[in-house]
K.L.:
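Right, I'll just put the structure down here and ask away after.
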Protein chains: 4
Amino acid sequence: MKKSKPKYMQIIDAAVVVIAENGYHQAQVSKIAKQAGVADGTIYLYFKNKEDILISLFEEKMGSFIEKINTMIAGKGTAVEKLLKMIEAHFSMLSEDHHMAIVTQLELRQSNKDLRLRINDVLKGYLQVIDKIVLEGKETGEFSVDLDVRLARQMIFGTIDETVTSWVMNEEKYDLLALASPVHRLLINGCGSR
Amino acid sequence: MKKSKPKYMQIIDAAVVVIAENGYHQAQVSKIAKQAGVADGTIYLYFKNKEDILISLFEEKMGSFIEKINTMIAGKGTAVEKLLKMIEAHFSMLSEDHHMAIVTQLELRQSNKDLRLRINDVLKGYLQVIDKIVLEGKETGEFSVDLDVRLARQMIFGTIDETVTSWVMNEEKYDLLALASPVHRLLINGCGSR
Amino acid sequence: MKKSKPKYMQIIDAAVVVIAENGYHQAQVSKIAKQAGVADGTIYLYFKNKEDILISLFEEKMGSFIEKINTMIAGKGTAVEKLLKMIEAHFSMLSEDHHMAIVTQLELRQSNKDLRLRINDVLKGYLQVIDKIVLEGKETGEFSVDLDVRLARQMIFGTIDETVTSWVMNEEKYDLLALASPVHRLLINGCGSR
Amino acid sequence: MKKSKPKYMQIIDAAVVVIAENGYHQAQVSKIAKQAGVADGTIYLYFKNKEDILISLFEEKMGSFIEKINTMIAGKGTAVEKLLKMIEAHFSMLSEDHHMAIVTQLELRQSNKDLRLRINDVLKGYLQVIDKIVLEGKETGEFSVDLDVRLARQMIFGTIDETVTSWVMNEEKYDLLALASPVHRLLINGCGSR
DNA sequence: GATGAATGAGGTTTCATTCAT
DNA sequence: CATGAATGAAACCTCATTCAT
């Protein structure tokens, strides 16, 4: 399988660095190749075209992120606790990976509609994790029975995403991870019964 | 001033139509000129460059939107009521202007980092409206005194934005305006004291 | 109309020179532009793409050639005389235009299948001229009534084409025009009744 | 010698198939290697470069064709009869080998000037066969003493070639072999004394 | 002998912007 | 003011060939 080949991840990692440091529109294939330490043509032994690099990048990174979250919140704890874990994991991952933070919050959003549709497919996996937590919370009575799952999901994802984007746009000047707890409180209030 | 000249708005309106119908990356200056009924070169008598069209577009449209909101919520009612008015106004405006909905939620996000920083400057006016409501709510005791204004703003804007984006991506299949009330309830729960 | 614009023919003439002197595969658009004395981009104001230059080149040159032949053989003379006129015109034109001779006999044949199909469409006009002469000859009794028109056309065109190609490949060392009469004699023998 | 190695012919045969089915410009070395069941690099153990494959292809196939013709017309019969035999052999061979017909009449003509000059060297062997028949015909009085051998050869080869090309371009819809006799009649008329 | 992963040069086309009219 | 013809820089991808195994 492709992914076992070292150059596959080597190129993806190079793409993250190049996009983060040069911006989406200045991330030429030749720059990525140079950063990865391979010839331009080698890129095309592992990826169909430039767009394929970006989709794969997102799939690989987001895929492993979703897996990590799923493992982390498996079984243990209430829905409220799981939501906190998820937010902490989300903030923690992007705090620790400066390049990925820039790429996911700013650069990859400049891609064209086709690419963004593909990215949304990957994101669905994440949104399903949120849905699962919300549903569980409704069942256990932690969240209001009237809660609309789609709206709750949009609030949770929208708030988290907006928080991270603000943090990145403010040049990561403050501690993102410290916001996990207050953001969590805001969100469970929103989901709670009154 | 530029804005008094009829061609200025003519070009901006043309840009909205062209971007909405062709997508950001297919919105060439020549297409906008054609749609506006002017020569390519005429564009440059009213705008410094292509980016200037897009910034002006956002400034004009967003500016009038913020004005409208400000008028609408001036003086009357509690913070909770003002928040509802604001959400309704936001959803209503985009419901009524299909082209602008596509342009603001999908197409303009594909612009480069520089342009998006400029757009964020314009957005600040809107975020200040939100801040004002949140602060008022804290003073009147409608919202928790512990509420972090920045986080609350991010939740409110993030939720609204994510809700609209989902609606646009789902091809505006359902009634966005009907979501104003449940979204509002979610948000005031989040902001409320417990 | 395009063709009235001077740059249209300017670019086509440049293409003939560049292809003849550099070969089909070394005839880059930038070389043609330079030879024509225009910018690369200007080419695309007059032609859809590179292939369109080549098709247009063939259409313009061959079109005017067929017109000339048609005028030349209109009405006057027997089929046998018309055939001679045609051969002389064919040999004469290529004798006088060294570049076109190379382009039509050697270089343009390297084009891909699509382009050659388009070229064949243009050639059909020429083949129809041959057919008309053959038919007339059969009617007047100059040629055998048993003569298969398609085969006769293939013999006439094949012989002429092969003669010119040989001449070009031999670096135009001998007088092509002098061959018109003996080639003509060969062909009318072939077509004649015995 | 190279040619005794089984892989040599294996690669040549693969090249014929790949070129016929994909076209000259889509006949990549890697495709030929795959069709031949060898690795890309192996090609270069038997051929100097890609052009060498094509020249060898033509030499091998044309060489055996010329041999066959020579054997077939050796000694027996008049020049007129030999010419018929030759045309029949030519039409017959290409009728029976669909791939070679496409390759020789359409695809190989797209090669560059250098390659076609090399191909012409090979063709000379065939043209000499024609010359021999024409000379013999002149000596026996079957053909006119005034007949220019070069022109006669160009007529014979040009007519045969044009006939086959037309047949291939018309997707081999009709019986090529049936044309041998009428084409032969045309040609001996052309060569005959009047 | 055989392999096939890696190489890297090279060209068509788009489109924001200018400036002579 | 308005025009629109002309400009020219810039990048993705292919594929013949090599060479370490």
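Residue numbers begin at 1 in each chain, while the letters A, B, ... track the order of the sequences.
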K.L.:
What class does the angle between the rings of D:Phe47 and D:Tyr8 fall in, given that below 30° is parallel, 30 to 60° is tilted and above 60° is perpendicular?
P.N.:
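Geometry flag for D:Tyr8 against D:Phe47: parallel rings.
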
K.L.:
What integer distance in Å separates D:Tyr24:OH from F:dC15:P?
P.N.:
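One finds 13 Å between P of F:dC15 and OH of D:Tyr24, rounded.
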
K.L.:
Rounded to whole angstrom units, what separation is found between the NZ atom of A:Lys31 and the P atom of F:dC12?
P.N.:
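Those two atoms, NZ and P, are 10 Å apart.
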
K.L.:
Assign each of B:Thr42 and A:Val29 to its nearest nucleotide of DNA chain F by heavy atoms, then name whichever residue's nucleotide is nearer the 5' end.
P.N.:
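The residue mapped nearer the 5' terminus is B:Thr42.
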
K.L.:
Please tell me which of the listed nucleotides, F:dA2, E:dA6, E:dT3, lies nearest to the side chain of B:Lys7?
P.N.:
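The closest nucleotide is F:dA2.
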
K.L.:
Output the single nucleotide from E:dT3, E:dC15, F:dC12 whose closest atom is nearest the side chain of B:Gln28.
P.N.:
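Between E:dT3, E:dC15, F:dC12, the one nearest the side chain of B:Gln28 would be E:dC15.
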
K.L.:
Between C1' on F:dT7 and CG on C:Leu45, what's the gap in Å once rounded to a whole number?
P.N.:
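To the nearest whole Å, that distance equals 9 Å.
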
K.L.:
Looking at D:Arg109, I want to see if its CZ is surrounded by more than 12 non-hydrogen atoms of other residues, nucleotides or ligands under 6.0 Å.
P.N.:
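Counting neighbours around CZ of D:Arg109, more than 12 heavy atoms of other residues, nucleotides or ligands fall under 6.0 Å, so yes.
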
K.L.:
If you count every heavy atom of other residues, nucleotides or ligands that lies below 6.0 Å from A:Arg116 atom CZ, does the total exceed 12?
P.N.:
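Yes.
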
K.L.:
For A:Asp52 and F:dC12, give me the distance from atom CG to atom C1', rounded to whole Å.
P.N.:
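The distance from CG of A:Asp52 to C1' of F:dC12 comes to 14 Å, rounded to the nearest Å.
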
K.L.:
Calculate the interatomic distance between A:Lys48 atom NZ and F:dC12 atom P; express it in whole Å.
P.N.:
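These atoms are roughly 16 Å apart.
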
K.L.:
Please report the closest heavy-atom contact between A:Glu60 and A:Met9, naming both atoms and the distance.
P.N.:
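A:Glu60 and A:Met9 have their closest heavy atoms at OE1-SD, 4.0 Å.
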
K.L.:
Can you tell me the distance, in whole Å, between the CD1 atom of A:Ile32 and the C1' atom of F:dC13?
P.N.:
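It works out to 13 Å between those atoms.
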
K.L.:
Could you tell me if the side chain of C:Asp121 sits less than 4.5 Å from the side chain of C:Leu117, heavy atoms only?
P.N.:
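No. Closest side-chain heavy atoms not under 4.5 Å.
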
K.L.:
May I ask you to test the B:Leu94-B:Gln105 pair for a side-chain heavy-atom distance under 4.5 Å?
P.N.:
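Side chain of B:Leu94 against side chain of B:Gln105, heavy atoms only: contact under 4.5 Å found.
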
K.L.:
Let me know the distance between OH of A:Tyr8 and P of E:dA6, rounded to the nearest Å.
P.N.:
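Rounding to the nearest Å, OH of A:Tyr8 and P of E:dA6 are 15 Å apart.
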
K.L.:
Does the side chain of A:Lys61 come within less than 4.5 Å of A:Asp13's, by heavy atoms?
P.N.:
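Yes, side chains in contact.
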
K.L.:
C:Lys50 side chain: which of E:dT12, F:dT17, F:dA2 is closest?
P.N.:
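Per side-chain heavy atoms of C:Lys50, the pick is E:dT12.
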
K.L.:
Quick check: on DNA chain F, is the nucleotide nearest A:Tyr44 upstream (toward 5') of the one nearest B:Val38, or the reverse? Name the residue that is more 5'.
P.N.:
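Nearest nucleotide further toward 5': that of B:Val38.
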
K.L.:
If you assign each of D:Gly41 and B:Glu51 to its closest nucleotide in DNA chain E, which residue comes earlier from the 5' end?
P.N.:
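Its nearest nucleotide lies further toward 5', so the answer is D:Gly41.
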
K.L.:
Go nucleotide by nucleotide along DNA chain E from the 5' end; which of B:Gln26 and D:Ala39 gets its closest nucleotide reached first?
P.N.:
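Looking at the nearest nucleotide for each, D:Ala39 comes out on the 5' side.
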
K.L.:
If I take atom NZ in residue A:Lys34 and atom P in nucleotide E:dA6, what distance separates them, rounded to the nearest angstrom?
P.N.:
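Those two atoms, NZ and P, are 20 Å apart.
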
K.L.:
Report the stems of DNA chain E as range-with-range entries sorted by first number; a stem here is at least three consecutive pairs, Watson-Crick or G-U wobble, both distances under 3.5 Å, and write none if there are none.
P.N.:
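Looking at DNA chain E, the stems formed by three or more consecutive pairs are E:2-21 with F:2-21.
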
